[in-house]
Amino acid sequence: MMRRFVRTRRFGTRADVDETVLVVPGKTLIGGEWVGAQKRAVFPVFDPATGDVVGSAPDMGAAETEIAIDAASSALESWRRTSPRDRSRRLRQWHDSIVERREELARLMTLECGKPLAEARGEVDYGASFVEWFAEEGPRCVGSVDASCSDRRMLTTRQAVGCAGLITPWNFPLGMITRKAGAALAAGCTVVVKPAEDTPLTALALAKLAEGALPPGALNVVTAARANAPAVGEVLCASPVVRALSFTGSTEVGKRLYAQCAGTVKKLGLELGGNAPFVVLDDADLDLAVECAMASKFRYSGQTCVCADRFLVHDAVFDDFEDRLLRAIRKLEIGRGLDDGVTLGPLINQRAADRVRSLIPDDAAVFDKHAAAARALGPTFVAPALVRVDLDLDHPPPCWDNENFGPVVPLARFRGDDDAVIEIANRHATGLAAYVVAGDLRRAWRIAERLETGMCGVNQGIISTATMPFGGVKESGIGREGGIGFGISEYLEDKYLCFGNLHF
Ligand SMILES: NC(=O)c1ccc[n+]([C@@H]2O[C@H](COP(=O)([O-])OP(=O)(O)OC[C@H]3O[C@@H](n4cnc5c(N)ncnc54)[C@H](O)[C@@H]3O)[C@@H](O)[C@H]2O)c1
Ligand SMILES: O=C[C@H](O)CS(=O)(=O)O
């Protein structure tokens, strides 16, 4: 029986926050200046594990967003005229500063978003890799020349689109910023970043590290409490100075921003929600299947947009896979992200945890040790739950159709041929990531090509990398981030120049 947590929150005293010098208490970076919330209060940042206040950030709104856009606009001409090679050197400087302060950044990230420290360290590496990747790619964004006509020369050049608005989520408080800002800055754009209200401190720490590398106004951070996020978004969307908007977050908010940007016809990048099918075929190596399932499903307690979310296991191997998976789930260690050996931390806040608990039916498989640990730790901790799903029912349970964004494993058996499982997997409005575990790679390739997603891992549970385009299809968004020529193109315009009547 699942117990429901009483809606309480322990407001502890200020936690023993590592007094990292990376955060300027109560201030945010606009136009190269660290500014406080002159007209507004600051908002608290909580440790998801304990409810303690671990810091604060200015609660900015429309007026401050306008100021940030002005700062980005003032810095734009000089930055876009900086040579790509010099921009590259500066980005490399930013990258080196991030890597140098890896441990402080990781600990700060764990304090404000709860992810286990080992994962936070991994995110610092992952996030830094985007800055490095775009530092290398920027100087190679060259155009083309057509000299085929005797009386003219035609060429294309690639130019920065202008100021870019970047709105990012809490689940990768560093990586989602660098995946966007690295590309935009390398392209010659200046940026206004609006981080999530749950994780502003990591964004501000990133900005602090950029100070030595980037000119004032190149990177601006507007922090806001949840209630002010729409106001910040509306200003970014409505401003004709902001020529590109890149958003990572829920499909619901993404659709709203999509509509809001229509008035100024911006270049738009939307990385939205997913609901990844995880297909295990009858010839799969089941140890590998469990390894991939655990890596994908329980990364950041299931709070990533590419987590496996709908497990489709061939009838012939279902019982064996389920048994092995349960044994692997049992080994998960629930606890605070800063504690050694923890592999499953809290969800980002009690609202998120309550939502996930509401998706778990009472007959779900939950280990007593996990349920007891979650109860003892507090209302943001959710015990991992395996839910058997009968696809023959008219309406699958909510945990099947909804993006769980938590440690929930909806497990369904499928019979029939590959066409059958592809049809089930594609039966969803989103299409971000998918996973296939199979022995026959030709068969897996055929299935992967027919899955309606932007990305697919075959015999691999973790697929995200700076070197490949990240993004989805259908309601998972538009555009790609990272990769060769993909991510940076979101911030470039291709201009065609024709030099006529030359009569060589
Ligand atoms: N595709 C991806 O790369 C990706 C990455 C992370 C999260 N997500 C998705 O996001 C969801 C959970 O993340 P979340 O809760 O941070 O998403 P969210 O959409 O609630 O918030 C994302 C960001 O948008 C801001 N925001 C919220 N409402 C806004 C508005 N009206 N105008 C402007 N900004 C607004 C938030 O303050 C935050 O900074 C899940 O669906 C998850 O799949 C997708
Ligand atoms: O949650 C969304 C992130 O984009 C996941 S990843 O860090 O890119 O894998």
Side-chain angles (χ1 to χ4, degrees), residues 43 57 59-62 65 113 115 119 122-127 129-130 165-180 193-200 203 221-238 245-261 269-276 295-296 299-307 309 347-349 351-352 355-356 402-406 429-433 453-455 457 461-466 468-473 475-482 487:
F43 63 94
D59 184 6
M60 300 287 183
T65 306
C113 83
K115 70 176 56 174
E119 285 195 46
E123 184 184 336
V124 176
D125 298 339
Y126 174 60
S129 75
F130 283 104
L166 313 178
I167 302 177
T168 56
W170 47 262
N171 60 346
F172 289 84
L174 190 145
M176 293 305 97
I177 292 176
T178 56
R179 186 160 79 181
K180 299 175 190 295
V193 178
K194 207 297 290 176
E197 53 282 355
D198 298 286
T199 55
V221 178
V222 172
T223 53
R226 184 99 188 163
N228 269 320
V232 174
E234 283 158 12
V235 171
L236 288 172
C237 293
L245 187 90
S246 182
F247 169 75
T248 295
S250 62
T251 299
E252 175 198 356
V253 174
K255 288 181 176 177
R256 177 169 175 175
L257 295 171
Y258 199 174
Q260 288 177 188
C261 285
L270 298 174
E271 297 292 355
L272 308 179
N275 191 295
S296 174
R299 183 174 171 224
Y300 188 27
S301 304
Q303 299 175 109
T304 92
C305 55
V306 289
C307 282
D309 235 359
L347 301 198
I348 187 65
N349 54 42
R351 184 176 75 247
R355 187 191 69 83
V356 171
N402 290 283
E403 177 180 44
N404 287 301
F405 238 58
T430 63
L432 189 58
T453 58
M455 304 172 282
I462 302 292
I463 57 178
S464 307
T465 170
M468 284 289 140
F470 184 103
V473 299
E475 294 196 12
S476 285
I478 48 182
R480 293 294 183 267
E481 296 192 293

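All ligand and atom numbering here is 1-based and tracks the order in the structure. Since we're looking at a predicted model, the values are computed, not measured.
Below 4.0 Å from some heavy atom of V306 lie the following atoms of ligand 2, by number and element: 9 (O). Against a heavy-atom cut-off of under 4.0 Å, F172 is close to the following atoms of ligand 2: 1 (O), 3 (C), 5 (C), 7 (O). The contact set between ligand 2 and T304, taken as ligand atoms under 4.0 Å from a residue heavy atom, comprises 1 (O).
By the criterion of a heavy-atom distance under 4.0 Å, neither the backbone nor the side chain of R351 is placed next to ligand 1. Neither the backbone nor the side chain of M455 comes within contact range of ligand 2; no heavy atom lies under 4.0 Å. Contacts between M176 and ligand 2 below 4.0 angstrom, taking non-hydrogen atoms only, involve the side chain exclusively. Of the heavy atoms in T248, both backbone and side-chain atoms come closer than 4.0 Å to ligand 1. Residue contacts with ligand 1, taken as heavy atom pairs separated by less than 4.0 Å, do not involve E252 at all. When heavy-atom distances to ligand 1 are checked against a 4.0 Å cut-off, L257 comes that close only through its side chain, counted from C-beta outward. Heavy atoms of F172 found under 4.0 angstrom from ligand 1: none, in either backbone or side chain.
In terms of polar-atom proximity, defined here as any N/O pair under 3.5 Å, C305 makes no such contact with ligand 1. The N/O atoms of C305, backbone and side chain alike, include one that comes under 3.5 Å of an N/O atom in ligand 2. Checked by distance only, ligand 2 and N171 come closer than 3.5 Å through their nitrogen or oxygen atoms. Between S476 and ligand 1, no N or O atom pair is found at a separation short of 3.5 Å. The shortest N/O to N/O separation between I167 and ligand 1 does not fall below 3.5 Å. When only interatomic distances are considered, the shortest N/O to N/O separation between T251 and ligand 1 does not fall below 3.5 Å.
Relative to atom 42 (C) of ligand 1, the option among W170, F405, F247 with the closest non-hydrogen atom is F405.
Cation-pi contact between K115 and F172: present, with separation from the ring centre below 6.0 Å and deviation from the ring axis of at most 45°.
Using 4.0 Å as the threshold, P195 has a heavy atom nearer than that to some atom of ligand 1. Heavy atoms of Y126 come nearer than 4.0 angstrom to ligand 2 in at least one pair.
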